[in-house]
> 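I have a structure here, written as structure tokens, and I will follow up with some questions on it.
A note on names: the letters A, B, ... follow the listed sequences, proteins ahead of strands, and every chain is numbered from 1.
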Amino acid sequence: MSTSSTTAGHHLSPVEQSCWTDTETGVTEETKFLGLPGQQILAFLHRPTSRAVVGGVVICGSLFEDFQINYRREVLVARRLAQRGFATVRFHYRSVGNSDGLPSGAVSFDSMVEDASTAATWLAARAGITRPVMCGSRLGALVAAHLAARGGHAPLVLWAPILSGGDFFRGMSRASLLAGVRAEARKRQSSASTEGRLRTEASVEMLANRVHRSSYEDLGSRSLPEAPGRGQQVLLVQLATGDALTAGPQALVSRWRAAGAVVDVLMVRARQVWTVPDQWQPEEDRAPTLALVEGISTWVDGMASATP
Amino acid sequence: MTAPLEQDTRRASAYDELPVYLPAGDEHVFGVVTRPAGMSNGTAVLCMHAGAQNLSSHRNGVWTRLCREVAALGYTTLRMDFHGTGDSSGVLVDRAVSGQTNADVDAAVQWLSDHGAKRVVVVGTCWGALVALIAAARRPEISSACLISPPLRLLETGGDVTKSSGQKHDQLGRAAAQVFQPSVVRRLVANRTYRSWLIGRARGRLTRSYAAATGRHAPDPRSPDAAAPAPERLLGSLQRRGVRVHVLFGAQERTYQDLRTPGTLPRLQAAAEWFDIDVSPISVHGLSTLESQDLVVRHVHEWLAQDLQVTAATE
């Protein structure tokens, strides 16, 4: 174990540098690499310091371009949850962001679940939370739903969920093709869908990310569970420009309610994008982000208050 | 999987890494330090991303890759989030390379110096490249700058590198339209907590907009220049100190076309003749293809290897 190190004779104190407290909100943020050397994930813990911890949340993000698109929103949701008393952990999957790379570079459902479990273990160790609310954004919803089921059907937030991995890659493939049409350099390339090429090639480029065929085959075959736990508390967040649930989420809500889950719905009027928006407006000032942050944290808070 | 949790630094073959929060004025900026497992060459590299909607690892982990690769050359690196981006605190209001943005960079440069760096090299893409250039003119610790597709035309406007007033009105209009959506109004009426939170946000935003409009940014003791300096002054400072500036453009990018079109950026063109400029046939702006990401990592890596030799020869 190493708790400090030196660089050119100067003392470096990781403990002092790895957390800070926002005195205005009473939230402390802590960061750490977790796991075995060479397979570590970067994780962040947001926890209240000016009040007691009333619960915990694990936020499972998405992959590829989605990881960056949702990143700041997830940070803001975590900060707000901590302000309301929930110790909240976020993390980068292996081969994503600042975490270590997987040997093959190809993310799998199992590697994502393993990384989320590592983050949940840290939450348990640091905040004593053994049954956190699982929150998954986009493709991360599959991971969150899986871990919620494994944890005795823990409360679950499905944040603009990808209902099946196949949908995710189809959406990415279409967005990639559109982006390719717009980019001069891509005009020379084949117009065949990148998804189609994945059936024959070891990896393809989608929206400036390398997608391995093994990831495509593995994640593409996954979907949200057919039936949740009886009485399981679920919040489904839909980002859409209309006021009504779209067909896929509507079917999921009906099916899960029929199976005995208590499903709430949060509608956020926003367009779900596939590429990082080329605009400067801070995420903090966007109405959809405000609605997301407040909507998710209010639901988690209310759900915790109602639980004996 | 239950993994060992009590590890504060990482041990790998060529590097170890440490995430840090650095106090910067009223904010805390996040970054990841990568240190060579072997002998340090005494120079630190500060990597800056492109601005809003980005994070320390940069698109598809490009900075993560670069930092780990150049550890083999003995470089210590810090890939940082500006305030209001990634995992840093605060709100990144606009593109003005002044005030808190300078404080972010100052904190990072100071931290690297305090932890043993004899000199610092700054690397940035797009807006981050502009921040890197201005930092190189301001901080004596910075010996070289590697800029990927910097929007140098913003320097021609001196301190006013924020959005145009027209864009501001557009943005206010968009914000108003979003706030008055039925779902938001319903929530405002029904939810007291949401109401007070949104009012707090709106107040903060108005205060920031007012500060930006009137130039009354919060004073930053470490960056007395509240606005970006004029090109001649900025580049004069770099030249006097012998700071090496390397730039990579894509041939078709507007950032490059601006620079090569006669009369487009007259003051900058006159002052920046000594820039070492490379032009790539493929676009590097936005790192929007794997090819451009590979090119940038390879290009910066090779340039850092050369810069190390130049440093050794001059010292």
> Thinking salt bridges, do B:E17 and B:R79 make one under a 4.0 Å N-O criterion?
yes
> Based on non-hydrogen pairs under 4.5 Å, which of A:V75, A:I69, A:T31, A:L42 is most in contact with chain B?
A:T31
> What part of B:R65 is in contact with chain A, defined as an atom under 4.5 angstrom from a non-hydrogen atom: side chain, backbone, both or neither?
neither
> Just say parallel, tilted or perpendicular for the rings of A:W20 and B:H28, cut-offs at 30° and 60°.
parallel
> Near B:Q252 CD, under 6.0 Å, is it more than 12 heavy atoms from other residues, nucleotides or ligands?
no
> Top residue by heavy-atom pair count (under 4.5 Å) with chain A, among B:N60, B:D87, B:T34?
B:D87
> Going by side chain to side chain contact (heavy atoms under 4.5 Å, CB included), name the residues that satisfy it together with A:N70, two or more places apart in sequence or in a different chain.
A:R73, A:E74, A:S137, A:R138
> Is chain A contacted by the side chain of B:N54, its backbone, both, or neither, given a heavy-atom distance below 4.5 Å?
both
> Report yes if the distance between the aromatic ring centroids of B:F30 and A:F44 is under 6.0 Å, otherwise no.
yes
> Chain A heavy atoms under 4.5 Å from B:Q53: which part of the residue, side chain, backbone, both or neither?
both
> For each of B:V62, B:L55, B:T64, tally heavy-atom pairs with chain A at distances under 4.5 Å, and name the one with the top tally.
B:L55
> Give a yes or no on whether the ring-centroid distance for A:F33 and A:H92 is below 6.0 angstrom.
no
> Using the test side chain to side chain donor-acceptor pair (under 3.5 Å), find all partners of B:H83 that sit at least two apart in sequence or belong to another chain.
B:D104
> Return the option, out of B:G286, B:S88, B:S283, with the maximum number of heavy-atom pairs under 4.5 Å with chain A.
B:S88
> Top residue by heavy-atom pair count (under 4.5 Å) with chain A, among B:Q293, B:H58, B:R59?
B:R59
> What part of B:S292 lies closer than 4.5 angstrom to a heavy atom of chain A: side chain, backbone, both or neither?
neither
> Checking B:S149 against B:H285 for the side-chain hydrogen bond (donor to acceptor under 3.5 Å, both in side chains) test, could you report, in this order, the C-alpha distance in whole Å, the side-chain angles of both residues, the deciding distance, and whether it holds?
CA-CA 6 Å; B:S149 194; B:H285 186 85; 3.3 Å; yes
> Please rank B:T85, B:L22, B:V33, B:D81 by heavy-atom pairs under 4.5 Å with chain A and give me the top one.
B:T85
> Less than 4.5 Å to any heavy atom of chain B: does that hold for the side chain of A:E24, its backbone, both, or neither?
neither
> For A:F64, which atoms come within 4.5 Å of any heavy atom of chain B: side chain, backbone, both, or neither?
neither
